[in-house]
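First the proteins, then the strands, lettered A, B, ... as listed; each starts at 1.
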Amino acid sequence: MPFDRVRVRLAPSPTGDPHVGTAYVALFNYVFAKKHGGDLILRIEDTDQVRSRASSEAMIMKSLRWLGLEWDEGPDVGGKFGPYRQSERKDVHQKHVDELLAKGAAYRCFCTSERLDEMRKAQREAGHQTGYDRHCRALPESEAMTKVSAKHPFVVRLKMPTDGTTVVDDVIRGKVEFDNARIDDQVLLKSDGFPTYHLANVVDDHLMQISHVIRAEEWVSSTPKHVVLYRAFGWEAPQFCHLPLLRNADKSKISKRKNPTSLAYYERAGVLPEAMVNFLGLMGWSFSDKEEVFTVPQMQQKFELKQIHLGGPIFDTTKLNWLNNQYLQKLDDERFVAYVREKMFSPDYLKKLRPFALERMDRMEQFVDRFAFFFNGALPYEGVELIPAGKTAPEVVTMLSELVEVLDEVYDWTDASLKEATDAFKTKIGWKPKDYFMTLRLVVTGRKDSPPLIESMTILGRETVRFRLRDVLNAPQLKS
RNA sequence: GUCCCGUUCGUCUAGCCUGGCCCAGGACACUGCCCUUUCACGGCAGCGACGGGGGUUCAAAUCCCCCACGGGACGCCA
């Protein structure tokens with residue numbers, strides 16, 4: 001361990017909704033840090049200029065706080081190792097890339113993406129592992145500099161050793177050996193001047209004095225590159241610990257296509273943060289062979305990285321529901337009332353509903369019944385005519401499944417962009433407006449007499465709409 | 001395809017390092033019974049797993065080897 005003090009980091013990339021996988025890794029990092037009296041650092045990995053969004057960063061921080069996983073240093077709380085947003089550390093990264101270049105540990109590559117694509121295609125067809133063919137590695141320095149002055153775009157790649165092995169020492173897995181010859185010359189600096197994950201991660205982890213890198217299993221295969229990087233810089237590598245990947249029911253890596261993965265979804269669904277955290281703590285780890293209900297402070301006492309079971313756990317929320325019920329039963333008056341009044345029937349949410357509600361009621365008592373779908377999760381579809389005349393169940397299923405994909409691409413969840421997206425999709429599939437919109441209305445609201453569809457979808461939010469679009473596929477009418 | 005990781009009830013897991021206490025323990029789910037004017041909670045019971053094959057050993061879920069299966073990675077994404 002390169003530093004005396006335990007310092008771990010959480011390094012999410014702000015490219016979407018706050019993910020349960022992020023929370024999972026966050027929990028284990030948090031618990032490990034606290035157990036050892038160390039620090040948790042939140043570092044935003046926003047080096048992907050195309051996909052990073054500020055709104056995503058804000059949501060991730062909000063969700064982590066909701067779970068009670070507070071960080072000691074981060075973009076919002078500061079700290080002496082900042083800045084904590086990688087996009088603000090470009091100079092630092094550039095400087096370190098220059099150092100590698102000067103040392104001869106890295107080289108400039110002028111290959112175009114077209115050439116790389118063709119190369120990979122050929123490799124794949126030949127049945128080989130894909131990887132850079134090191135075309136530019138042998139390029140003389142003088143030639144490279146000429147190209148640079150001629151403004152040829154380039155990336156900087158790591159010079160991997162061509163023989164021997166690199167050993168990754170993982171806290172749980174032990175020593176894992178990799179054949180250097182099979183490891184790619186990783187791009188460290190992109191042509192836009194931003195570092196890739198690999199470079200930024202190693203540099204920042206070292207500069208921020210990270211002692212243990214606790215992250216998901218998907219990183220195991222790139223860790224030897226990181227080890228080589230640490231060596232190139234002359235730094236001692238941190239302890240690595242790769243957590244198992246949460247899985248879908250079919251065992252593939254958890255994805256929003258097959259599971260609700262957004263923490264915002266679970267929060268809205270009325271899952272208590274202590275239940276969520278407890279549930280995540282049960283994935284790959286166990287508190288004891290008798291008790292399964294525990295708090296984060298209790299987990300801290302007993303937690304050991306080495307005890308983590310490596311079989312990838314299926315993220316099956318059945319047990320989460322039971323756990324949540326356990327915690328729900330313990331809610332006192334204060335928390336219960338606060339939840340219903342401030343979260344479920346929050347003033348902000350009710351204000352959004354007011355214009356739609358008032359013109360459709362003659363007595364206030366009708367509100368709860370008629371607007372229930374604004375507060376519910378899953379809707380009852382018994383007796384609802386989900387299939388328009390002339391259409392078949394498979395057609396409706398296909399339409400809805402494709403629509404989910406379309407809506408996933410909607411960048412901001414507003415009336416305008418939803419209208420645009422749903423209209424475009426309607427035109428594409430060529431359904432009659434009435435059939436299309438009524439089906440959608442029934443799926444999203446569960447009733448024919450709902451307020452305007454687009455506005456309702458906007459208010460309900462992305463996660464709930466997505467959930468219903470998927471959930472309705474289980475309705476008997478649509479099963480064939 | 002190549003490399004790497006994994007594999008205990010349907011699901012989450014204990015046990016595996018330090019072989020015998022394991023004809024494998026707990027929890028969720030499911031089924032039944034009890035409690036109960038309903039439902040839920042709660043209680044009790046039941047169902048249900050060491051991927052396969054070789055070895056080592058007096059003894060293997062536990063150690064070794066092979067196979068199968070699952071997953072991850074193979075991006076100027078993280």
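The base-pairing partner of rG75(B), taking Watson-Crick or G-U wobble contacts with both distances under 3.5 Å, does not exist among the strands shown. Both distances falling under 3.5 Å, in either a Watson-Crick or a G-U wobble arrangement, place rC44(B) opposite rG32(B). Across all strands shown, rC69(B) pairs with rG6(B); the Watson-Crick or G-U wobble distances both stay below 3.5 Å. Both distances falling under 3.5 Å, in either a Watson-Crick or a G-U wobble arrangement, occur for no nucleotide opposite rC22(B). Across the strands present, rU57(B) finds no partner; the criterion is a Watson-Crick or G-U wobble pair with both atom distances under 3.5 angstrom. The partner of rA49(B), taking Watson-Crick or G-U wobble pairs whose two distances both stay under 3.5 Å, does not exist in any strand shown. When Watson-Crick and G-U wobble pairs are counted only if both distances are under 3.5 Å, rU37(B) pairs with no nucleotide at all.
Among residue pairs with one or both ends in residues 232-244 of chain A, those qualifying as side chain to side chain donor-acceptor pair (under 3.5 Å) are Asp170(A)-His242(A), Arg215(A)-His242(A), Thr223(A)-His242(A); sequence neighbours excluded.
Aromatic pair Tyr107(A)/Phe154(A): ring centres not closer than 6.0 Å. Annotation: Phe32(A) is not in aromatic contact with Phe28(A) [ring centroid separation under 6.0 Å not met]. Proximity of the aromatic rings of His226(A) and Tyr230(A) is defined here by a centroid distance below 6.0 angstrom, and this criterion is not met.
When each of Thr261(A), Asp316(A), Asn259(A) is paired with Asn248(A), the side-chain hydrogen bond (donor to acceptor under 3.5 Å, both in side chains) condition holds for Asn259(A) and for no other.
Straight-line distance between the C1' atoms of rU18(B) and rC23(B): roughly 24 Å, to the nearest whole Å. Comparing rG72(B) with rC77(B), their C1' atoms sit 16 Å apart, to the nearest whole Å. Between the P atoms of rC16(B) and rC22(B), the separation comes to 13 Å (whole Å).
The CZ atom of Arg182(A) sits 5 Å away from the P atom of rC3(B) (whole-angstrom rounding). Taking atom CD1 of Ile308(A) as the reference point, atom C1' of rC5(B) lies 15 Å away to the nearest angstrom. Distance, Glu304(A) CD to rG15(B) P: 12 Å, rounded to whole Å. Note: CG (Leu323(A)) to P (rC41(B)) measures 14 Å, nearest angstrom.
Between the CG atom of Leu229(A) and the CG atom of Leu100(A) there is a distance of 6.5 Å, given to the nearest 0.5 Å. Note that CG of Asn278(A) and CG of Leu272(A) are 11.0 Å apart. Values are rounded to the nearest 0.5 Å. We find the CG-CE distance between Leu27(A) and Met276(A) to be 11.0 Å, quoted to the nearest 0.5 Å.
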Treat primed atoms plus P, OP1 and OP2 as sugar-phosphate and everything else as base, then score nucleotides 16-32 of chain B 5' to 3': B for base contact with protein heavy atoms under 4.0 Å, S for sugar-phosphate contact only, - for none.
-> ---------SBBSS---
Nucleotide-resolved protein contact map, nucleotides 68-78 of chain B, B/S/- at heavy-atom distance under 4.0 Å | --SSSSBSBBB
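No contact: Phe279(A) has no heavy atom under 4.0 Å from any strand.
Donor-acceptor pairing under 3.5 Å is lacking for the side chains of Glu45(A) and Tyr197(A).
Taking both residues in full, the closest heavy atoms of Tyr381(A) and Ala475(A) are given as CB-CB, 4.1 Å, listed atom of the first, atom of the second, then distance.
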